[in-house]
Amino acid sequence: MKRLHGIRLPHRKHAESRKIETIPLPARVRLPMQMHMGPACTPAVAVKEHVSIGQIVGTASEEGAVPVHASVSGTVTAITPYLTAAGTEVPCVEIEPDGKQTVYAGCQPPKLETKNDLIRAARESGCVGLGGAGFPTYLKLSAKQKLDMLIVNGAECEPYLTSDCRQMVEAPGDVLGGIRLIMKLLKIRECRIGIENNKPAALKLLAYGAAADENIRVVPLPAVYPQGAEKVLIFHTSGRVVPEGKIPADIGVIVLNVSTCAFLYQYSKTGIPLVERVVTVDGPAVKKPCNLRVPVGTPQHDLLAFAECDFDRVKKLLSGGPMMGRALYSDAQPVLKQQNGLVALTKAPSPEPSACLRCGRCMAVCPMKLMPMELERAYRKEDTALLEKLHLPLCMNCGCCSYVCPAKRRLAESHQLAKALLRKAAQREEANA
Amino acid sequence: MNSLQVSASPHARALISTRHIMLAVIAALLPAALNGFIQFGMRALILLLVTTGSAMGFEMLARLVMRRRQTVLDCSAAVTGLLLGLNLPAGMPFWQAVLGSFIAVVIVKQLFGGLGQNFANPAIVARIVLMLSFPATMTAFQIPGTDAVSGATPLVTGTAGYWDLLLGNTAGCIGETSAAAILLGGLFLCICGIISPVTPLACIGSLALCTWLAGNDPLYQILSGGLMLGAVFMATDYATTPLTKPGKLLFGIGCGVLTFVIRQFSTYPEGMSFAILLMNLLTPYLDRMTRTHPFGADNLAGKEKPNA
């Protein structure tokens, strides 16, 4: 089969054989009211109120939002503003744990008989895509289009990250349980699980678990970045192509991360919402790479301390992997629902870009077959028509172009800015119309 | 903890830099240069050093005068200078060679904005200007191993043996006589992924085909003259040749066919420089013609939107 381009990265998955561990309760958790792609929640608790695990602290009134639940039992100490990665401010509920870790009495296993039950449960559980993007899962499940294939993302193509891998190795039953639940309630006939071939244990365990089920197929994929990017994964596991401007549901596909599937299965059994997650802690500054199950809202500092991080050497902290992760501005920032990794880098090189050589490397590695250098030039000229002609909206910001550029040009960054330019131009057009 | 750096992703970069690429090209040119030294002696080596050094000097001066960031250390000027030197006869007067470097680096490259911005290959333009200005010295080819000078290359005489053409034991420019040395460098660049073999193969293949159709000896035509040096090192220049594979293919074929036409029908025995220069001018159009079709792109998306 024809494969999309990509790059081979050093895997650096030092934590892949480390069992998932828990860390001591933090002194304080902070729960921003926006840990999903979508409108922010409103705080549902008052200062000094006592909350237990799984109790709603942020209500999702608007469509596209999912509620935020207390990840520890304790007392609400403050509601403060929190600066999100998008540069906006949202309220943030701070809780001081009481150490008892009592579970909220309202947490009961949901009734799951129909598609609508599943959608409601996914929303009430506060579930978002656990692979990094944080898109509310219930929105994917409630697609109006006819879905006939579930594609499960176990590629985990970023260097360092192993949290999905550990999830598959330690609880393959949860992953498959979630898959079967979704297939049953959404009446989806076929499932493909895409896993990079650098995770032989996960491949074997899931293939073994799914052996009896001929509709679930485990697909080994070459370890080429960005194998886990949605469109790339869909193409390599099913051969289907998501057309420009369309979403996977338009071609009958729903893509979920392995950890998301496993979480939905656990939720169906326990009724405990998304209050903790597994984070891989690694990077050159970390002495003991590990996979940690932590309450959402735990300060990054606690994770780093547990992993014996040399704090003085840290120059850059990433939420996620080095290719698409976000740089954190402080180690006091809380772990969000969608954070799959914490990478502490000891070097933060930002080489000065020099002139484009026109060597074409960016074009050769682009999985979407775009022409990054031409896009960058069009952006500098603010030529929105040309940007559209070059299919800028197809760029998924995987960063391959910036990675390979010998002139160290910030191509992926400029494409993001160009997308903002296109949006602005579209708004202006709308205002004029 | 220190203050943390915050920047856009990706946070990792490949090691390869512009300078690495240029140094690799210089390394690939060394076999041809070495052959030039063996065949034509010390004078050839000194001439290569003069063109390389003067090209770097002009690059530095130009950037200083224009008050731009210094770029001489990216070694692109060194490549241009070395390539120009390899395109000159060993007996070329130094001042004419230095003038060539000036034309290549200052006029063709820097005045158009520097690295990546020039529309024509600097070494090619310099060679053509020198050829038109100093036809006598530009065609005074030294015969290997002697101080004797001949006005004719094997392309004109048509009498050299294949082995002599392959190993460079013929009259000609410093770097163009040995096809084997050039191919060795080209192979190295292809293996390193620095150039694509598409352009040289298309260029050599189309010239061979045309020659064969015209009833001449294709192998002799491929091995003699500046074709090999041009096809491997100049038709693969990043800045002045197309980006896409189909573009490279068309560019290569264009160079091959034009070289054949010039060699066959014009008064010049050698056509490679003019062929490449002409194709350089077409590069922006070839690029536009052969834009990639992105994955999942709607065929209609690139067209003008109908008025709603």
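Predicted model, so just to flag it, every value in this text is computed and none were measured. We name chains A, B, ... by the order of the sequence lines, and we start the count at 1 in each one.
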Engineer: Could you pull out the closest heavy-atom pair between A:Asp331 and B:Leu4, with the gap in Å?
Structural biologist: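 Smallest interatomic distance, heavy atoms only, reads N-CD1, 4.2 Å.
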
Engineer: Indicate the atoms forming the closest heavy-atom contact of A:Ala407 with B:Thr18, along with that distance.
Structural biologist: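 In this case the closest contact between A:Ala407 and B:Thr18 is CA-OG1, 3.7 Å.
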
Engineer: If I take atom CE from residue A:Met373 and atom CG from residue B:Asp287, how far apart are they, to the nearest 0.5 angstrom?
Structural biologist: 7.0 Å

Engineer: With a 4.5 angstrom heavy-atom cut-off, which part of A:Cys356 approaches chain B: side chain, backbone, both or neither?
Structural biologist: backbone

Engineer: Where does B:Arg19 contact chain A at under 4.5 Å (heavy atoms): side chain, backbone, both or neither?
Structural biologist: neither

Engineer: Can a donor-acceptor pair be found, under 3.5 Å and without considering hydrogens, that links the side chain of B:Ser9 to the backbone of A:Arg326?
Structural biologist: no

Engineer: Would you check if the side chain of B:Arg291 reaches a backbone N or O of A:Met371 as a donor-acceptor pair within less than 3.5 Å?
Structural biologist: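 Between the backbone of A:Met371 and the side chain of B:Arg291 there is no qualifying donor-acceptor contact (under 3.5 Å).
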
Engineer: Would you mind telling me which of A:Cys398, A:Pro243, A:Gly360 has the largest number of heavy-atom pairs within less than 4.5 Å of chain B?
Structural biologist: A:Pro243

Engineer: So with a 6.0 Å cut-off around OH of A:Tyr329, is the heavy-atom count from everything else above 12?
Structural biologist: yes

Engineer: Check each atom of A:Leu394 against the heavy atoms of chain B and say whether the ones under 4.5 Å are side chain, backbone, both or neither.
Structural biologist: side chain

Engineer: Who among A:Pro322, A:Gly320, A:Ser354, A:Gly321 has the most heavy-atom pairs with chain B under 4.5 Å?
Structural biologist: A:Pro322

Engineer: Between B:Leu15 and chain A, which part of the residue has a heavy atom less than 4.5 Å away: side chain, backbone, both or neither?
Structural biologist: backbone

Engineer: Tell me, for A:Ile7 versus chain B, whether the close heavy atoms (under 4.5 Å) come from the side chain, the backbone, both or neither.
Structural biologist: neither

Engineer: By a 4.5 Å heavy-atom criterion (distance strictly below it), what part of A:Leu386 contacts chain B: side chain, backbone, both, or neither?
Structural biologist: side chain

Engineer: Under a 4.5 Å cutoff for heavy-atom pairs, which residue among B:Gly116, B:Ala8, B:Gly296 has the most contacts with chain A?
Structural biologist: B:Gly296

Engineer: Which atoms of A:Gln416 come close to chain B, meaning under 4.5 Å heavy atom to heavy atom: side chain ones, backbone ones, both, or neither?
Structural biologist: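 Neither part.
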
Engineer: With a sphere of 6.0 Å drawn around CZ of A:Arg377, does it hold more than 12 non-hydrogen atoms of other residues, nucleotides or ligands?
Structural biologist: no

Engineer: For A:Lys369, look at atom NZ and say whether over 12 heavy atoms of other residues, nucleotides or ligands are found less than 6.0 Å away.
Structural biologist: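 At most 12 heavy atoms, drawn from other residues, nucleotides or ligands, come within 6.0 Å of this atom.
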
Engineer: In terms of side-chain heavy atoms, does A:Lys316 have a donor or acceptor partner in B:Gln5 at a distance below 3.5 Å?
Structural biologist: yes

Engineer: Residue by residue, which of residues 242-257 of chain B have a heavy atom closer than 4.5 Å to a heavy atom belonging to chain A?
Structural biologist: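 Residues in range: B:Pro242, B:Leu243, B:Thr244.
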
Engineer: Provide the closest heavy-atom pair for A:Leu4 versus B:Phe295 in the form atom of the first, atom of the second, distance.
Structural biologist: CD2-CD1, 3.5 Å

Engineer: B:Ser7 versus A:Arg410: any side-chain heavy-atom pair under 4.5 Å?
Structural biologist: no

Engineer: What residue in A:Val241, A:Leu357, A:Val404 has the most heavy-atom pairs under 4.5 Å with chain B?
Structural biologist: A:Leu357

Engineer: Given heavy-atom pairs under 4.5 angstrom as the criterion, report whether the side chain, backbone, both or neither of A:Cys405 touches chain B.
Structural biologist: backbone

Engineer: Can you confirm whether B:Arg288 is buried at CZ, in the sense that more than 12 heavy atoms of other residues, nucleotides or ligands lie under 6.0 Å from that atom?
Structural biologist: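 Incorrect, the count does not exceed 12.
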
Engineer: Can you tell me if A:Arg380 has over 12 outside heavy atoms packed within less than 6.0 Å of its CZ?
Structural biologist: yes

Engineer: Please rank A:Val343, A:Leu345, A:Leu328 by heavy-atom pairs under 4.5 Å with chain B and give me the top one.
Structural biologist: A:Leu328

Engineer: Please say whether more than 12 non-hydrogen atoms of neighbouring residues, nucleotides or ligands are located less than 6.0 Å from CD in B:Gln70.
Structural biologist: yes

Engineer: Pick from A:Pro159, A:Gly325, A:Ala412, A:Ala355: which one has the most heavy-atom pairs with chain B under 4.5 Å?
Structural biologist: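 Top count of heavy-atom pairs under 4.5 Å with chain B: A:Gly325.
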
Engineer: Check whether B:His11 reaches the backbone of A:Leu318 with its side chain - one donor and one acceptor, N or O, closer than 3.5 Å.
Structural biologist: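 Checking the backbone N and O of A:Leu318 against the side chain of B:His11, no donor-acceptor pair under 3.5 Å is found.
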
Engineer: So which part of A:Ala348 gets closer than 4.5 Å to some heavy atom of chain B, the side chain, the backbone, both or neither?
Structural biologist: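 Its backbone and side chain both get close to chain B.
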
Engineer: Select one option (side chain, backbone, both, neither) describing which atoms of B:Ile16 are under 4.5 Å from chain A's heavy atoms.
Structural biologist: both

Engineer: At a 4.5 Å cut-off on heavy atoms, which part of A:Pro393 comes close to chain B: side chain, backbone, both, or neither?
Structural biologist: neither

Engineer: Does any non-hydrogen side-chain atom of B:Thr292 lie less than 4.5 Å from one of A:Leu370?
Structural biologist: no

Engineer: Report which part of A:Met323 has an atom under 4.5 Å of a heavy atom belonging to chain B: side chain, backbone, both, or neither.
Structural biologist: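 For A:Met323, heavy atoms of backbone and side chain both lie under 4.5 Å from chain B.
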
Engineer: Which of residues 231-240 of chain B get closer than 4.5 angstrom to chain A, counting heavy atoms alone?
Structural biologist: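 B:Tyr238, B:Ala239 fall under the 4.5 Å cut-off.
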
